Asks: 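Structure provided below as structure tokens; questions to follow.
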Protein chains: 2
Amino acid sequence: MIRISKKVEYALMALKFISQSDNKLVTAREISDTKKIPYDLLSKILQKLKNENILLSNQGTNGGYSLNKRTDEIYLFNLMNMLDGDIALADCMHETKEKECSLEDSCSIKSEVAKLQKEVEDVFKNKTISDFV
Amino acid sequence: MIRISKKVEYALMALKFISQSDNKLVTAREISDTKKIPYDLLSKILQKLKNENILLSNQGTNGGYSLNKRTDEIYLFNLMNMLDGDIALADCMHETKEKECSLEDSCSIKSEVAKLQKEVEDVFKNKTISDFV
DNA sequence: TCAAATAGGACTATATTAGTCCAAATTAGA
DNA sequence: TCTAATTTGGACTAATATAGTCCTATTTGA
Ligand code: SF4
Ligand code: SF4
């Protein structure tokens with residue numbers, strides 16, 4: 001089964017929401033309430049996006065988040081990598097050799113899986129947040 | 001994280017193996033041994049493929065499996081559906097309404113996710129086993 | 001000083017995927 | 001007719017990944 005994670009969905013909704021609140025700071029609570037996204041989880045996601053320089057944050061009262069990039073500069077592929085880690089169609093395909101496949105020696109489909117991975121990746125590399133706004 | 005399952009990988013290797021053993025029946029044990037695939041799991045996969053009319057089976061001594069379709073008639077997309085169930089990028093995208101998304105009312109990205117799903121699906125719909133042989 | 005907000009670690013719960021175990025039915029051949 | 005090789009198939013367990021929660025600290029404007 002092939003899925004995009006809830007984290008990524010929540011991030012997409014949040015980024016869309018922020019991009020449509022022109023320049024006004026947006027709080028996690030606001031997004032959570034209007035979009036019915038679990039507050040704590042959303043907070044984590046926004047913090048992550050801030051650390052990845054997708055968002056700017058202001059702490060304290062009247063704080064909140066704002067975009068740090070244009071929507072067409074934020075690629076879905078990167079977003080997925082940030083939130084879910086290395087996107088790999090199979091164990092042997094991770095950039096970082098974090099996972100190894102015990103079948104690598106006897107595997108007869110590796111090069112074809114690699115080709116497939118490239119094609120799927122391209123779909124996500126060709127989408128930016130602006131496609132969602 | 002986006003992955004193709006081990007089941008599908010094992011199925012691909014098995015189908016490739018069978019397609020290259022021209023006409024001779026191939027046993028699950030043979031494939032399991034040469035490809036280092038867990039025997040019980042592989043058995044289940046082959047049985048499934050037999051029930052889906054991808055393979056023919058002969059029981060008993062000297063039994064085994066053979067292809068029931070040309071390799072270019074077996075689509076990766078269908079294979080994935082058979083083995084992993086409905087391929088859906090998000091909860092709301094299942095053909096059968098087996099899953100519901102509680103955010104469906106407030107969701108602002110559904111149509112874009114649908115577009116994305118179509119693009120990813122097309123990648124898998126355009127691959128057949130012959131691409132792996 | 002207080003309340004609203006981000007920051008972030010640690011934890012729990014749930015779902016999915018992967019793998020195992022066991023017993024039955026089928027069949028060729030000795 | 002017995003036996004071993006094989007498919008068949010249900011039930012179960014283990015491992016992993018995803019989703020969600022809890023708690024506490026820090027920042028900051030009023
Ligand atoms: S089975 Fe082959 S394609 Fe799959 S992860 Fe292992 S080496 Fe890669
Ligand atoms: S959040 Fe939106 S896109 Fe995702 S599953 Fe729910 S309705 Fe579908």
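Model, not experiment: these values are computed from the prediction. Protein chains get the first letters and strands the later ones, always in sequence-line order, with residue 1 at the start of each. Keep in mind that the numbers below use all heavy atoms, side chains included, and drop hydrogens, waters and symmetry copies.
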Asks: For the side chain of B:Asp131 and the backbone of B:Thr128, is there at least one donor-acceptor N/O pair under 3.5 Å apart?
Replies: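 Flag set: sc B:Asp131 to bb B:Thr128 pair under 3.5 Å.
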Asks: Check the phosphate of D:dG20 against A:Tyr10, side-chain N and O only, distance under 4.0 Å to OP1 or OP2. Yes or no?
Replies: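 For A:Tyr10, the contact criterion (side-chain N or O under 4.0 Å from OP1 or OP2 of D:dG20) is met.
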Asks: Counting just side-chain N and O atoms, does A:Thr27 come under 4.0 Å of either OP1 or OP2 of C:dA4?
Replies: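 Answer no for this pair, as no side-chain N or O of A:Thr27 is under 4.0 Å from OP1 or OP2.
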Asks: Does A:Lys44 or A:Asn62 map to a spot on DNA chain D nearer the 5' end, using the closest nucleotide for each?
Replies: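 Its nearest nucleotide being more 5', the pick is A:Lys44.
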Asks: Let me know, please, whether B:Ser43 or A:Gln59 comes out on the 5' side of the other along DNA chain D by nearest nucleotide.
Replies: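 Nearest nucleotide further toward 5': that of B:Ser43.
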Asks: Tell me whether the side-chain N/O atoms of B:Tyr39 come closer than 4.0 Å to OP1 or OP2 in C:dC22.
Replies: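 No, outside the criterion.
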Asks: Starting at the 5' end of DNA chain C and moving along, which residue's nearest nucleotide shows up first, A:Lys50 or B:Gly60?
Replies: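 Of the two residues, A:Lys50 wins.
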Asks: Report the nucleotide, chosen from C:dG8, C:dT20, D:dT28, that has the shortest atom-to-atom distance to any side-chain atom of B:Leu41.
Replies: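 Among C:dG8, C:dT20, D:dT28, the one nearest the side chain of B:Leu41 is C:dT20.
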Asks: If you look at every strand shown and take non-hydrogen atoms under 4.0 Å, does B:Asp84 touch a base, only sugar-phosphate, or nothing?
Replies: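 No contact.
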Asks: Salt bridge between B:Lys44 and B:Asp40, side-chain N to carboxylate O under 4.0 Å?
Replies: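 Salt bridge flag = no for B:Asp40 with B:Lys44.
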Asks: Rounding to a whole Å, what distance do you find between A:Lys48:NZ and D:dA19:P?
Replies: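 The distance from NZ of A:Lys48 to P of D:dA19 comes to 15 Å, rounded to the nearest Å.
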Asks: By the definition side chain to side chain contact (heavy atoms under 4.5 Å, CB included), identify the one residue from A:Leu12, A:Ile129, A:Ile4 that meets it with A:Leu76.
Replies: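 The passing option is A:Leu12.
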Asks: Nearest of C:dG19, C:dT6, D:dC23 to any side-chain atom of A:Asp40?
Replies: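 My answer, after comparing the listed nucleotides, is D:dC23.
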